[in-house]
Protein chains: 2
Amino acid sequence: MNIGQAAEASGVSAKMIRYYESIGLIPKTVRTEAGYRVYSDKDVHTLRFIRRARDLGFSVEQIADLVSLWRDRARASKDVKRVALEHVETLERKIAELQEMAGTLKHLARHCHGDGRPDCPIIETLANPEEIDTPGRTASRFGPLAKPAART
Amino acid sequence: MNIGQAAEASGVSAKMIRYYESIGLIPKTVRTEAGYRVYSDKDVHTLRFIRRARDLGFSVEQIADLVSLWRDRARASKDVKRVALEHVETLERKIAELQEMAGTLKHLARHCHGDGRPDCPIIETLANPEEIDTPGRTASRFGPLAKPAART
DNA sequence: GTGACCCTTCCCATGATGGGAAGGTCAAGG
DNA sequence: CCTTGACCTTCCCATCATGGGAAGGGTCAC
């Protein structure tokens, strides 16, 4: 099977297959005399594994770990679980970060007329974070400002 | 004020200030005879605006829009609101995507012993997505597979 | 043998950011 | 006046996973 067919069958683009090979995530394949890469069904199976792991958001580095755990029939399931749960933590941190952004924006947008007039708490808060809208009740969502943190 | 002081005062790194200038997000500054960039308090104010917008996850492109709306005293608040709500939608799509990943993984991890034994539904599902764990009750979280979508 | 595809490698771009090198500038203290 | 250290300048490279595209060669069916 050529790379195009392997790509089709696995859902991983030919470009990415070559890339994964170049970084060592998958081994170098056999080549035809003309230099074409040749893939077996087993290779396609591996590629599918990789694609599913990507779909779950694992980094290539983590996938390398997962693939080698997969290959290792004496693996300890706790090692797999650890990789997975670490990733879950990363995902949840990211989710919380995005939720904070969305929450702040929705709060601001709720108080923006959204008509032809120029006054707008969104722009005003960006310009001057001292909680100008709804003075009093609502706690400052923009106080310490979504931490300058992990810009991932 | 030199770039280092402007960076300090605004929370935007000197590197990024130069970058923002290079892509036209902020105008070219005055320079001293020696070629040093010089910043005013007004410039720092703009940089702070930009930083807050970044903290809320706006792209540089959106920030360019926001800055020009900010400058435009005849702006319509609906234009600001539109930019904000579009971004909220993007954030929420992203959040949903990450939540699906995290949900799937937590589900799988819940059924993984996480001990020294090799059998592990996480790796097995990656290898063969035909819902091997808890056969029966639980709906396939891995059926159509987290869509190959937006790998942002 | 020719056209329609396929494959190869190589380079470039993305987005926002940091690292670092090589060299110029400035202010303070000796 | 000169040195030193902190700052500035530009330029290039790296990140991460992915796609685009060019230039050149291979394969196959008609």
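Chain A is the first sequence line, chain B the second, and so forth, proteins listed ahead of strands; every chain is numbered from 1.
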Only one of A:Leu126, A:Leu108, A:Asp119, A:Ile122 forms a side-chain contact (heavy atoms from CB on, under 4.5 Å) with B:Val80, so which one is it? A:Ile122
How many Å lie between [atom1] on [X] and [atom2] on [N], as a whole number?
{"X": "A:Leu25", "N": "D:dA17", "atom1": "CG", "atom2": "C1'", "answer": "12 Å"}
{"X": "A:Gln62", "N": "D:dA17", "atom1": "CD", "atom2": "C1'", "answer": "14 Å"}
{"X": "B:Glu33", "N": "C:dC26", "atom1": "CD", "atom2": "C1'", "answer": "13 Å"}
{"X": "A:Asn2", "N": "D:dG26", "atom1": "CG", "atom2": "C1'", "answer": "10 Å"}
{"X": "A:Arg54", "N": "D:dC16", "atom1": "CZ", "atom2": "P", "answer": "12 Å"}
{"X": "B:Ile3", "N": "C:dT25", "atom1": "CD1", "atom2": "P", "answer": "17 Å"}
{"X": "B:Asp55", "N": "C:dA16", "atom1": "CG", "atom2": "C1'", "answer": "13 Å"}
{"X": "B:Glu8", "N": "D:dA6", "atom1": "CD", "atom2": "P", "answer": "15 Å"}

Could you tell me if the side chain of [Y] sits less than 4.5 Å from the side chain of [X], heavy atoms only?
{"X": "B:Ile3", "Y": "B:Thr29", "value": "no"}
{"X": "A:Met1", "Y": "A:Asp41", "value": "yes"}
{"X": "B:Gln99", "Y": "A:Gln99", "value": "yes"}

Please answer whether the main-chain N or O of B:His113 pairs with a side-chain N or O of A:Ser77 as donor and acceptor at a distance below 3.5 Å. no
So which pairs with a foot in residues 12-22 of chain B pass side chain to side chain donor-acceptor pair (under 3.5 Å), sequence neighbours left out? B:Glu21-B:Arg37
Applying side chain to side chain donor-acceptor pair (under 3.5 Å), can you list everything that pairs with A:Arg93, at least two apart in sequence or on another chain? none
Nearest-nucleotide wise, let me know which of B:Glu61 and A:Gln5 is further upstream toward the 5' end of DNA chain C. A:Gln5
For A:Thr32 and A:Val60, find the nucleotide of DNA chain D closest to each by heavy atoms; which residue's nucleotide sits nearer the 5' end? A:Val60
Of all of residues 9-22 of chain B, which get a heavy atom below 4.0 angstrom from DNA chain C, listed by number? B:Ser13, B:Lys15, B:Met16, B:Tyr19, B:Tyr20
Would you jot down, in residue-number order, the residues of residues 34-42 of chain A having a non-hydrogen atom under 4.0 Å from DNA chain C? A:Gly35, A:Tyr36, A:Arg37
Any A:Arg31 side-chain N or O less than 4.0 Å from OP1/OP2 of C:dC7: no
Does anything in residues 52-101 of chain A pair up under ring pair (Phe, Tyr, Trp, His ring centres under 6.0 Å), and if so which pairs, sequence neighbours excluded? A:His45-A:Trp70, A:Phe49-A:Trp70, A:Phe58-A:His87
Angle, rounded to 10°, between the helical axes spanning five pairs at each terminus of the helix from C:dG1-D:dC30 to C:dG30-D:dC1? 30°
Any donor-acceptor pair under 3.5 Å linking the side-chain atoms of B:Asp43 with those of B:Ser40? yes
Evaluation steps, side chain to side chain donor-acceptor pair (under 3.5 Å), between A:Arg71 and A:Thr46: CA-CA 10 Å; A:Arg71 301 251 172 276; A:Thr46 303; 2.8 Å; yes
Spatial distance of atom NE2 (B:His111) from atom CD (B:Glu124) [nearest 0.5 Å]: 12.5 Å
